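Right, one structure below, let's go through it.
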Amino acid sequence: MMEKTEEKQLTRSDLARMVWRSSFEQGSWNYQGMQNLGFAYIMVPAIKRLYDSPKQQQAALQRHLTFFNTMPYMQSTITGVVANVEQQRANGAPVTSEMINDVKTGMMGPLAGVGDPVWWGTLRPVLAALGAGLAIGDASLLGPLLFFFGWNIARLVFRAYTQKLGFQYGTEVADRTGHWLPKLTQGASILGMFVMGAVVPRWTTIKMPIVLAQVHVNNELKQITLQMICNRILPGLVPVILTLVCVWLLRKRIHPMWLIFGMFIIGILGYVSGVLAL
């Protein structure tokens, strides 16, 4: 009678170590494989748990050294899925190395497209805006602390949760989350644009003291400046126009450094000529 072999199973400790290692994924970024060394580093606890012989461990590590690149924080979902597939393979399921690499390749592009607008386009600008707003005010130290802890707590919680989902559902994770990912991306883009639209007129001030007319009101001489006219039309109109012009120039592939130098030159000439004021 054949002895029944014990099923290989990743523990919570293994998954927790993988989450911790994911923070160092970009530490070995390279032009040939990009994030491949970091991904292999993250998978080491799972490989050690699932495969006993050094030869099997070497083979598992080798198949994760192929090209890999995605939005860093979305990588944890893929790590969870791959850990699930590796566990199936270690327990005798007909899973080949090509199938594992196909799973990684098929997920890294779509998840990067979701992660970029959510993290770089929404959460980071929102936290930066809140932190900068506090830093400008009296609570100057609270601003950078809010950004630092807010960003890193969100990053770690998201990594742990998405890796858990990926490991729990395996290759079916796309079917279970695919219906709300497009809505999340669209909502994040809208929120990011809304926040940037609110930040621009608050932090960008342009003063134009040019006098257009002088009127007597209750025997008092008052001056009507260009700044007053723009504010009557729409408060913050000039900063918004300046921002849109800069965005348009960036889309025309004008280097950001040229825009910065251009703003300096325009500001100095405007102040000297009296068109702009401090």
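The analysis underlying the following values was restricted to heavy atoms, covering all of them including side chains, and did not include hydrogens, waters or symmetry mates. Note that the structure is predicted; figures quoted are calculated from it, not measured.
- Ile260 is not connected to Ile254 by any chain of hydrophobic side-chain contacts under 4.5 Å among Ile, Leu, Val, Met, Phe, Trp and Tyr, and they are in different clusters.
- Met71 places none of its side-chain heavy atoms less than 4.5 Å from the side chain of Val118.
- Hydrophobic clustering of Ile, Leu, Val, Met, Phe, Trp and Tyr side chains at less than 4.5 Å, counting indirect connections, keeps Leu156 apart from Leu145.
- Counting non-hydrogen atoms of neighbouring residues, nucleotides and ligands closer than 6.0 angstrom, the OH atom of Tyr271 reaches no more than 12 such neighbours.
- Neither Met43 nor Phe24 shares a network with the other; the hydrophobic side chains, linked directly or stepwise wherever heavy atoms of I, L, V, M, F, W or Y lie under 4.5 Å apart, form separate groups for each.
- With values rounded to the nearest 0.5 angstrom, Arg124 atom CZ is found 5.5 Å from Trp151 atom CH2.
- With no hydrogens or angles considered, a side-chain donor-acceptor pair links Gln88 and Asn84 at under 3.5 Å.
- Side-chain contact between Asn152 and Phe148: present, with at least one pair of heavy atoms (C-beta onward) separated by less than 4.5 Å.
- For the pair Lys104 and Thr66, the tightest heavy-atom approach, listed with the atom from each and the gap, is NZ-OG1, 4.1 Å.
- In this structure, Tyr41 is not a member of the same hydrophobic cluster as Leu15, with clusters built from ILVMFWY side-chain heavy atoms closer than 4.5 Å.
- In the hydrophobic clustering of ILVMFWY residues, with side-chain heavy atoms under 4.5 Å counting as a link, Trp258 and Val247 come out apart.
- Distance check, rounded to the nearest 0.5 Å: CG of Leu111 to OG1 of Thr162 gives 9.0 Å.
- Shortest non-hydrogen contact noted between Pro45 and Ile42 is CD-O, 3.2 Å.
- Although no hydrogens or angles enter the test, the distance criterion places no donor-acceptor pair under 3.5 Å between the side chain of Glu25 and the main chain of Gly38.
- The aromatic rings of Trp119 and Phe158 stand perpendicular to each other, their planes meeting at an angle above 60°, with 30° marking the opposite boundary.
- Put simply, the side chain of Glu7 never gets that close to the backbone of Asn91: no donor and acceptor are under 3.5 Å apart.
- Contact between Phe167 and Gln9 at its shortest, heavy atoms only, is CZ-NE2, 4.2 Å.
- Partner Glu86 forms a salt bridge (charged side-chain N to carboxylate O under 4.0 Å, His left out) with one of Lys48, Arg63, Lys8 and no other, that one being Arg63.
- Between Gln35 and Pro72, some side-chain heavy-atom pair lies under the 4.5 Å cut-off.
- In this structure a side-chain-to-backbone donor-acceptor pair under 3.5 Å is missing from Arg155 to Tyr73.
- Checking side-chain atoms of Arg89 against main-chain N and O of Val95 turns up a donor-acceptor pair under 3.5 Å.
- Rounding to the nearest 0.5 Å gives a distance of 7.5 Å between CZ of Arg49 and CG of Leu10.
- Between the side chains of Thr11 and Asp14, at least one donor-acceptor pair of N or O atoms lies under 3.5 Å.
- Remark: the Gln75 side chain and the Arg159 side chain contain an N/O donor-acceptor pair separated by less than 3.5 Å.
- For Gln62, the CD atom sits in a loose shell: 12 or fewer heavy atoms of surrounding residues, nucleotides or ligands are nearer than 6.0 Å.
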Using the side-chain contact (heavy atoms from CB on, under 4.5 Å) rule, take Leu165 and Thr77 through it: C-alpha gap first, then chi angles, then the decisive distance, then the call.
CA-CA 7 Å; Leu165 282 181; Thr77 308; 6.0 Å; no

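- Residues Val85 and Met99 form no side-chain contact, since every pair of their non-hydrogen atoms from C-beta on lies 4.5 Å or further apart.
- The two atoms that bring Ser28 and Leu37 nearest to each other are OG-CB, 3.3 Å, heavy atoms only.
- Of all the heavy atoms in Ile78 and Phe39, the pair that sits closest is CG2-CE1, 4.1 Å.
- Interatomic distance, CZ of Phe68 versus CG of Asn101, reported as 10.5 Å (0.5 Å rounding).
- Checking side-chain atoms of Ser22 against main-chain N and O of Val19 turns up a donor-acceptor pair under 3.5 Å.
- Ring planes of Tyr31 and Trp29: perpendicular class, angle over 60° (limits at 30 and 60°).
- Between atom OG of residue Ser76 and atom NZ of residue Lys164 there is a gap of 14.5 Å, rounded to the nearest 0.5 Å.
- Rounded to the nearest 0.5 angstrom, Leu65 CG and Gln32 CD are separated by 10.0 Å.
- Nearest heavy atoms, Leu50 versus Ala90: O-CB, 3.7 Å.
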